[in-house]
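For reference, the structure discussed in these notes is given below.
One-based numbering, in listed order, for ligands and for the atoms of each.
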Amino acid sequence: MPAKYIFVTGGVVSSLGKGLAAASIGCLLESRGLKVNLMKFDPYLNVDPGTMSPFQHGEVFVTDDGAETDLDLGHYERYTHARLSRDNNWTTGRIYEQIIAKERRGDYLGKTVQVIPHVTNEIKAAMKKVAQEVDVAIVEIGGTVGDIESLPFMEAIRQMRQELGRENTLFVHVTLVPFIAAAQELKTKPTQHSVKELLSIGIQPDILLCRTDRFLAKDIKSKIALFCNLEEEAVITAKDVASIYEVPLVFANEGVDTLALKYLHIEAKERDLSRWEDIVHRVYNPKDTVMIGIVGKYVEYEDSYKSLKEALVHGALAHNLKLQLNWIEAEGLETGDKSYEAQLEGYDGILVPGGFGKRGIEGMLMAIRYAREHNVPYFGICLGMQTACIEFARNVVGLEKANSSEFDPATPHRVIYKLRELRGVEELGGTMRLGAWPCKIEPGTLAHRVYGKVEISERHRHRYEFNREYEEPLTAAGLRISGSTPDGTYVEMVELPDHPHFIGCQFHPEFKSKPLEPHPLFKSFIGAAYEHGQKRRAEKETAEVEMFHRPEKVGQR
Ligand code: GLN
């Protein structure tokens with residue numbers, strides 16, 4: 001049977017959680033035994049978010065096939081089993097890039113190339129491509145209704161309804177019902193306006209997901225239903241929750257899946273959300289807290305490390321712990337004296353995440369040195385692995401000015417240098433080592449214990465690599481290379497055997513962690529961090545007790 005489509009649009013304001021809503025609907029449909037795929041259209045003109053600043057765009061999520069995509073795809077993968085690729089994220093820029101290439105090739109046989117039908121056809125073809133071999137394709141349209149740049153996408157989904165009919169298409173609109181404190185009232189007007197806007201382009205929503213901070217009473221729901229021309233049961237309270245993993249349960253309570261199946265004429269089994277219920281139970285009933293410090297450059301903007309944060313949460317949940325995350329601005333550690341140590345004290349584990357550019361590197365090196373010398377569990381991801389190698393070269397091997405040629409092109413010791421396959425490539429877009437690559441793990445290492453196997457595949461996004469010329473001096477001084485590409489070209493993992501838990505990887509494991517399948521590296525890091533914290537706390541208590549019983553204290557009385 002051909003796939004059915006659920007189109008998710010947003011109104012009133014951005015950041016209403018459309019991506020999470022789409023992912024949660026996918027999760028609910030899977031819980032009923034259906035196969036889903038999800039995709040997102042981003043109306044901006046960049047070809048992909050790869051060249052955009054993390055401040056502008058948030059994290060760039062990398063798929064197995066090496067596409068640099070919107071962070072909502074991370075939610076899709078975390079909430080469902082859909083296998084995403086570059087086909088699952090399109091921008092206006094990429095759609096136009098295709099069309100212009102076709103036009104240059106003469107594919108349009110001399111016709112005038114126009115938004116309708118050429119652009120809309122291209123958009124529809126992209127939707128149909130991801131809808132193969134699944135029961136339901138969930139299509140999220142980025143931006144907010146009324147944006148000029150999202151019009152072609154709206155027109156395309158309107159045409160999809162025309163083509164495929166009501167039973168095969170469903171329009172879900174995410175909107176806002178704010179509580180106005182001065183009036184002590186929930187206001188439905190923004191939703192009415194947003195639906196009016198949708199209607200003006202020919203789209204009647206079937207389900208409204210109303211973001212709100214409190215439950216919508218029956219009279220509010222019936223008012224929205226009346227003005228927005230839909231059934232009362234289709235007005236859903238999408239109440240704010242403390243954990244994003246609760247959203248599927250909230251939607252289930254409101255019957256979103258039952259409604260979608262009814263409208264789409266799909267027969268499916270009863271839903272089984274027991275594993276998600278377990279996760280949410282853990283979220284609200286932790287046995288203790290684990291404190292992790294992330295030392296990075298884009299820390300003031302959390303969205304730039306979305307998957308990382310979630311992967312740490314998954315690792316903590318695996319141990320029934322609550323994650324307390326502190327973002328430490330790397331540059332702020334560069335105090336010039338020892339005072340920076342106070343900023344690093346008290347963490348159970350320290351992590352340096354991926355990043356680009358020179359700013360904050362010295363601060364990261366100080367944090368890594370601190371973790372290494374104080375036996376604090378350390379986890380370095382991509383840049384965090386590179387800086388760990390630089391720190392080791394400088395402070396253990398004694399190669400004073402060791403660096404990456406990314407930060408100091410004139411360094412006498414290029415411990416990290418430009419990927420050999422990228423020499424001579426100066427262009428920025430898509431010119432990195434991207435996507436999934438296999439890695440062979442050395443038996444008997446921490447990495448081996450963590451993964452429990454010797455062959456893994458992880459996702460990459462980098463331009464620089466470990467310089468094998470420094471393998472000998474660094475390993476002779478105690479660094480262990482625990483993972484490499486199967487042909488031995490690239491160093492993928494390093495560790496310090498005489499440290500409780502010091503590990504770095506050139507890839508980004510955070511992209512593959514899910515709440516129901518926490519990534520082994522995060523699970524192990526959090527476990528080690530918690531153990532370290534417990535030990536430290538116990539030592540502190542003993543010290544305090546000893547202090548109390550010191551004889552000079554008695555003498556002072
Ligand atoms: N800037 C480093 C490189 O390009 C690290 C990249 C990253 O952390 N994603 O290799």
Side-chain angles (χ1 to χ4, degrees), residues 48-55 57-64 66-69 71 74 294-299 301 303-309 311 327 330-331 350-365 367-368 378-391 393 402-409 411 414-437 439 458-468 470 483-485 489-494 503-513 521:
D48 62 40
T51 54
M52 286 160 91
S53 150
F55 293 110
H57 185 272
E59 164 186 284
V60 173
F61 184 78
V62 180
T63 53
D64 267 344
E68 299 178 273
T69 72
L71 56 80
I294 296 192
V295 182
K297 182 171 91 160
Y298 302 114
V299 290
Y301 187 52
D303 258 7
S304 38
Y305 293 114
K306 194 104 201 154
S307 295
L308 176 65
K309 188 182 149 214
W327 306 85
E331 252 183 328
I350 291 179
L351 189 151
V352 172
F356 296 83
K358 193 169 182 278
R359 185 161 72 79
I361 295 296
E362 294 303 319
M364 291 171 205
L365 295 175
I368 295 167
Y378 173 74
F379 188 9
I381 296 178
C382 203
L383 175 67
M385 181 201 98
Q386 299 176 353
T387 43
C389 294
I390 296 169
E391 192 279 320
N403 216 328
S404 162
S405 55
E406 177 180 9
F407 319 128
D408 179 9
T411 170
R414 297 187 305 163
V415 175
I416 307 293
Y417 64 177
K418 185 102 169 247
L419 279 163
R420 282 158 281 171
E421 65 187 47
L422 286 182
R423 304 276 160 83
V425 179
E426 294 306 328
E427 226 172 274
L428 282 187
T431 54
M432 281 190 256
R433 181 162 175 255
L434 287 164
W437 295 93
C439 166
E458 294 281 2
R459 298 180 190 170
H460 297 69
R461 183 170 187 254
H462 65 121
R463 275 197 191 90
Y464 292 80
E465 59 160 316
F466 180 84
N467 180 353
R468 287 270 191 191
Y470 288 89
S484 304
T485 44
T489 307
Y490 298 121
V491 170
E492 296 280 24
M493 297 187 84
V494 300
I503 202 160
C505 53
Q506 185 57 77
F507 46 78
H508 291 269
E510 68 270 29
F511 292 141
K512 283 178 67 167
S513 187
L521 279 170

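Scored by the side chain to side chain contact (heavy atoms under 4.5 Å, CB included) test, Ser484 finds Arg468, Ile481 as partners (sequence neighbours excluded). Residues that satisfy the side chain to side chain donor-acceptor pair (under 3.5 Å) test with Glu59, not counting sequence neighbours, are Ser307. By the side chain to side chain contact (heavy atoms under 4.5 Å, CB included) test, Ser404 is found to be paired with Ile390, Glu406, Phe407, Ile416, Tyr464, residues two or more places apart in sequence or in another chain being considered.
Rounded to the nearest 0.5 angstrom, Tyr470 OH and Tyr417 OH are separated by 10.5 Å.
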Identify all pairs of nitrogen or oxygen atoms, one from ligand 1 and one from the protein, separated by less than 3.5 Å, and list them with distances.
unit_1, atom_1, unit_2, atom_2, d
ligand 1, 1 (N), Gly355, O, 2.9
ligand 1, 1 (N), Glu406, OE1, 2.7
ligand 1, 1 (N), Glu406, OE2, 3.2
ligand 1, 4 (O), Arg463, N, 2.9
ligand 1, 8 (O), Gly355, N, 2.9
ligand 1, 8 (O), Gly355, O, 3.4
ligand 1, 8 (O), Leu383, N, 3.0
ligand 1, 9 (N), Arg461, O, 2.8
ligand 1, 9 (N), His508, NE2, 3.2
ligand 1, 10 (O), Gln386, NE2, 3.0
ligand 1, 10 (O), Arg463, N, 3.1
ligand 1, 10 (O), Tyr464, N, 2.8

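Put simply, the side chain of Ile381 reaches to within 4.5 Å of the side chain of His508, judged on heavy atoms.
Using a 4.0 Å cut-off between a side-chain N of Lys or Arg and a carboxylate O of Asp or Glu, Arg433 and Glu492 qualify as a salt bridge.
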